[in-house]
Amino acid sequence: MNTRIDTNHYEATSQNVNAILARHGHWLLRAGFASVFLFHGVEKFVMGIGGFAAMMNLPVTVAFLVALAEVLAGVGIIVGATVRNRLGDIVTRLAGLAAAPVLVGAIAMVHWGQWSFVASDSHPMGGMEFQVVLLLLALSFILRGNQS
């Protein structure tokens, strides 16, 4: 009776599983990033660009461009990953590029000066931690494309 366990088989299986997880791990970042941008962009269109423009004291054209950039960034991050060539890499980079100025604007106009998620009297929309993290993700997508 041979009770020897073939550890090579288990190591190979473990390496295969780790390789699969590593290859698809980027979807976690993409899903979180895209969901935030799609939610906020679509919400602006559904609720009315004029209301968002008035709330932020922006021209309607600028408010429209912000909402459009949010939707395109969200869609682009997902689409960019599904296209397995140079075009997908470019779409990912452009999606990050669409998101970056929106985030800089949100930080500068609404969230600057408070490093807390919690809303306060001075920052009823909360602090800028979340927006800074999203900005860093956008910069990563710009710089690394589908190599992220």
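Position 1 is the first residue of the sequence; numbering continues from there.
Following chains of ILVMFWY side-chain contacts shorter than 4.5 Å, one can reach Val132 starting from Ile77, so the two form part of one hydrophobic cluster. Put simply, Leu38 and Phe45 are part of the same group of oily side chains (I, L, V, M, F, W, Y) that touch within less than 4.5 Å, one to the next. Val79 and Ile90 fall into different hydrophobic clusters, defined by Ile, Leu, Val, Met, Phe, Trp and Tyr side-chain heavy atoms under 4.5 Å apart, directly or through other members. Grouping the Ile, Leu, Val, Met, Phe, Trp and Tyr side chains by contacts below 4.5 angstrom, directly or via other members, places Leu103 with Met109. Cluster membership check: Val102 shares its hydrophobic cluster with Leu136, using side-chain heavy-atom separations under 4.5 Å among Ile, Leu, Val, Met, Phe, Trp and Tyr.
Atoms NE2 and OG, from His26 and Ser140 in turn, are 12.5 Å apart once rounded to the nearest 0.5 Å. Within the model, atoms CD1 of Ile142 and CG of Leu97 stand 5.0 Å from one another, a figure rounded to the nearest 0.5 Å.
Legend: residues meeting side chain to side chain contact (heavy atoms under 4.5 Å, CB included) with Trp27, ordered by chain and number and at least two apart, are His24, Arg30, Ile78, Ala81, Thr82. Judged as a side-chain hydrogen bond (donor to acceptor under 3.5 Å, both in side chains), and not counting sequence neighbours, the contacts of Arg86 are Asp89. Here His111 pairs with Gln131 under the side-chain hydrogen bond (donor to acceptor under 3.5 Å, both in side chains) rule; sequence neighbours left out. Every residue was checked against the salt bridge (charged side-chain N to carboxylate O under 4.0 Å, His left out) condition with Arg84, not counting sequence neighbours, and none meets it. Shown here are the ring-ring contact (aromatic ring centres under 6.0 Å, His included) partners of Phe33, two or more places apart in sequence or in another chain: Phe37, Phe141.
Other residues, nucleotides and ligands place no more than 12 heavy atoms under 6.0 Å from the CE atom of Met47.
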Checking side-chain contact (heavy atoms from CB on, under 4.5 Å) for the pair Val83/Val91: CA distance, chi angles, key distance, verdict? CA-CA 9 Å; Val83 178; Val91 169; over 6 Å; no
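Residues Ala138 and Ala99 approach most closely at CB-CB, 4.1 Å, considering heavy atoms.
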Please report, to 0.1 Å, the donor-acceptor pairs under 3.5 Å made by any side chain of residues 53-74, with sequence neighbours excluded.
residue, atom, partner, partner atom, Å
Glu70, OE1, Gly41, N, 3.2
Glu70, OE1, Lys44, NZ, 3.0
Glu70, OE2, Lys44, NZ, 3.3

